[in-house]
Each structure stands twice: as structure tokens, then as C-alpha cells.
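What follows is a single structure, written as C-alpha cells, with notes after it.
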There are 2 protein chains.
Amino acid sequence: MNGSTTVEDYVKTIYGHTEWQPESITPSALAARMGLAASSVTEMVKKLAASGLVTHVPYGAITLTDQGRALALRMVRRHRLIETWLVESFGYGWDEVHDEAEVLEHALSDRMLDAISRQLGQPTRDPHGDPIPAADGTVRLPDAVLLSQASDGHRGAVVRISDRNPELLRWLDEHAVRLDAPIEVIERRPFGGALAVLVDGHPLDLGSDAAAAIWLAA
Amino acid sequence: MNGSTTVEDYVKTIYGHTEWQPESITPSALAARMGLAASSVTEMVKKLAASGLVTHVPYGAITLTDQGRALALRMVRRHRLIETWLVESFGYGWDEVHDEAEVLEHALSDRMLDAISRQLGQPTRDPHGDPIPAADGTVRLPDAVLLSQASDGHRGAVVRISDRNPELLRWLDEHAVRLDAPIEVIERRPFGGALAVLVDGHPLDLGSDAAAAIWLAA
DNA sequence: TCCCAAATTTCGGCATGCCGAAATAATACG
DNA sequence: CGTATTATTTCGGCATGCCGAAATTTGGGA
């Protein structure tokens, strides 16, 4: 079957491409993100457009409709709530929650989801610091800057750590770069985006990968 | 896609047909249980046989192999553990757990399942009193008789209440027929299997449906 | 034993999603 | 402005699972 699961994944991926901007993406980028052939994407997008989830000008970009965005937010809420749940109630680590959540977001009923949200105290951030959309689709955007764009001397607390890279997540975890850990930028390298920072008072040299994965409270 | 989910459902259904006897079933009975056309079953059974999960003599019965039984037991364990979990941790009623479990049994990882089992204290019976197979496939059969076969004067405690009939489950629940509630058979009707019994000391007239759904500790 | 009815299987078809190769459109650059 | 590169779409095909209709097999009864 899976009719629904596939649609949900497409929509969520389109949304995730540029979470803070108009949700549009080119077919090739979408194909790359989903690990599919471009031709598969073209076909599926045709169906998504037919059901009113996206708009698509031929040879142009794919953009979520309001309906598509609503579905995407529903899936993002599910994913992040489940990740939080796995960490809080099942002892999963940051780096271990993604795959399980990827499956469960399509399988849990709304009733379970509600119960889980209640058990967790209606959280609004997931273990990576990403906002968990409310059930009505409302999202509170974090007031944050990308760490690699922060200026020398900038100080604040980590508010978001990108998932999807288990190795990096473990490295960050080992070096005490955790959600809400205070960070101060002490040196800014001219090229490549690498930074030296203070994390919890200790100097640390962040590669550009790590810097790109961290958002700093403004 | 679902390659695996479908196989799991077939095997579980074959097993469930005659849980306490050799696990074999005719194609038509299997089709009826699964709500599928007979032709679909024929085709799928061919594939199950090819992967060594069942044996099948053409035009004859379908029988689980050891490998098939192992997979079936794995799925039964998952189903019953999940049902127990939904009742214990999420406030579901007896009659509400089946559909959710039907989905989740294919979606939860072994890791989650283990954690759930641990959180529940490694239960060996589900909310209906059915045995939960151990992770290694071991099943402890309840030492019980079918209530409708119990003789007049027979007394014991309810040990099993069949699921899959929400209306009946609610009726039983309302009349205090719960797992482990003591029952005494006070009158046995000659035809139809209906019984009058004492439940928790109160006389109650059980229709034949209810009687067929209840097992009594011997 | 022979034949009929019921059960089972075979066959062509359909829907979903995916792929690679070939065709086509858009874009970029000289 | 024209062409070459790149992106996108179209097309035929494949795999999984399902269906109904048309064989085929089985088993019981006359």
C-alpha cells in the first residue's frame, strides 16, 4: 500500500529543504534529497499537483500549497515529537532517533501522538532544538543566527543542532555542545567558516561542518 | 511497498487460525480471514512457499514451516505486547487496542519492543489473557477450558477473552467479566451453548457468543 | 463409475512507485 | 545569436499485490 507514506515523505522533504523560506525546490534537488531518480520525482510531483499539495510550472520549481504545507507541518510535528519521546522515554541518544522516527511518524495514530505530547508536557522543541509545530500547524521560529555567520565576540546559547549526521552529533555531544549550552565566538577564521569558540567556558575548535550545524540564540 | 508487512500478515493469520493446533489452513479460509480474493492468496502462498515459510501441496492445505512459525510467533509477541502497552501506558480500553497494534506491530524496532517489554515488567499475558510469546519464541499455553464446554458447577477464573469483537468486549467489560474475575458455572443450557454463571458473585446470563469468547482456568 | 459442485489455480489487468534511456526544453556562454 | 550543456520530462519496463473471469482439479453423491 503506502500510498500515503510516500506522499507524506515527498511533502515533508520539500518543506524541509528551506524550512524558513517559501517552500519550493527544483526537481533535481528533490530527487537528490530523496535518493530517487529525477524521472520518479517528475511523476510523483504530477500526482502531488493533481491532489493540490504542490504547484509546479513545467521545467520549473515545485512549491507547496497551503494544503501541502499543512500536511508537511503535520509530519514535522510527528517526527520531532517522536524524536523527543524516544530520547525522553526510551533512552535513545540524539544520533539514534532519526531512523526510528522516520518509520513511526507514518504509523502512530493521532490519539497516540496526543497522548505522547501530553506525557511529555507538550514540548515545543525537539532534542536538536528544532521547533515542534503545534497541532494546529503553528510554528514558533527560534530567534537565532547560524553560528558560522556569527561575528567575533558573539555570545549566546545553542538553540539548534541539525540532525541527520549521527557522526557529527556524537562528536558534538562528546565536546559538550548540547542544546542550550552557552557558546561564545572567540575567533573567526577568514575562509571555510571554521570557528574557535568557548563552549561551557572551554575553548573548542569547531570545523565548518559543526559550525554549519549549530544555530546560536541571538 | 510493504514487501515485509504483507508477508508478516499472512504468516500471522495462518498461525492465528488454529493457535493451539498444527498451523495449517485451506486457501479459502485464509482468503476469508484476510478479506482477500482466493486468487490473491494462491499467488502469495506461492511466494511464501518459495521463501520457506509455508509448505503447500497444490489444491491442498497450507502449513507453516518452523521458520514460518518463528516469524508468526514474533508477530504475535509484538501484537500482544503492543496491546498490553496501549492499555497500561496510554489508557486504551480492551476494545480499542486492536487496530493500533495491527499497524505498530510492523513499525516498531526490536529495540523499542525490548524497552516496552522491560517497562511493562516482561508481561506474559496480554489484556485479553492471551499468552505473550517470549522473545525466543517460547509460549506458555494457559491451562484452561473453553467456558462453553465447562460443566455445571465448574468454577475458576477467566483466563482468556477473545479480541476482535469490540462490541462484545464492551459488553463483557460492563458486566464485570474481566481478566482473572472468578466465574462459577451455575447453569448449563442444553442447546446453543448459552450459560448462566456467577461473575464476582453476581449471577449473569452469558449468551453463546460471550461463552465462546471466554476461557476458564481449569 | 461418472458427473457436478465447490475449491483452487491460472491468466490478463490494474494501481502504485520505482528505474534508465531517449527526447525535449531551458540556460549559459562564446 | 546560436550552440552546447544541463535540467526536466516522456517512455517502456519492472516489482509488488491486488482483482475478476476463466480454466482446472478435487471429492462427493447418484
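Proteins come first, then strands; the chains are lettered A, B, ... in the order of their sequence lines, and each starts at number 1. These numbers were taken from a predicted model, which means no experiment stands behind them.
Scored by the ring pair (Phe, Tyr, Trp, His ring centres under 6.0 Å) test, A:Phe90 finds A:Trp85 as partners (sequence neighbours excluded). The side chain to side chain contact (heavy atoms under 4.5 Å, CB included) search around A:Thr138 returns A:Ala134, A:Asp136, not counting sequence neighbours.
Each of B:Lys47 and B:Leu36 has a nearest nucleotide on DNA chain D; the 5'-most of these lies closest to B:Lys47.
Regarding B:Met44, its CE atom lies at a distance of 12 Å from the C1' atom of D:dA15, rounded to whole Å. Distance A:Met34 CE to C:dC19 P: 10 Å, rounded to the nearest Å.
In summary, A:Lys12 and A:Glu102 engage in a salt bridge, as defined by a charged side-chain N under 4.0 Å from a carboxylate O.
Here side-chain hydrogen bond (donor to acceptor under 3.5 Å, both in side chains) pairs that include residues 111-125 of chain A, with residues two or more places apart or in two chains, are A:Arg111-B:Glu96, A:Ser117-A:Gln122, A:Arg125-A:Asp180. The list of side-chain hydrogen bond (donor to acceptor under 3.5 Å, both in side chains) pairs with a residue in residues 68-77 of chain B, not counting sequence neighbours, reads B:Glu23-B:Arg69, B:Asp66-B:Arg69, B:Arg74-B:Asp110.
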Return the polar atom pairs (N/O with N/O) between nucleotides 9-11 of chain C and the protein under 3.5 Å, or none.
residue, atom, partner, partner atom, Å
C:dT9, OP1, B:His56, NE2, 3.0
C:dT9, OP1, B:Tyr59, N, 3.1
C:dT9, OP2, B:Thr42, OG1, 3.0
C:dT10, OP2, B:Lys46, NZ, 3.2

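Within the 4.0 Å cut-off from OP1 or OP2 of C:dT16, not a single side-chain nitrogen or oxygen of A:Tyr10 is found.
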Let me check something: any side-chain donor-acceptor pairs from residues 47-56 of chain A under 3.5 Å, sequence neighbours excluded? List them with distances.
residue, atom, partner, partner atom, Å
A:Ser51, OG, A:Lys47, O, 2.8
A:Ser51, OG, A:Leu48, O, 3.4
A:His56, NE2, A:Gly60, O, 3.4

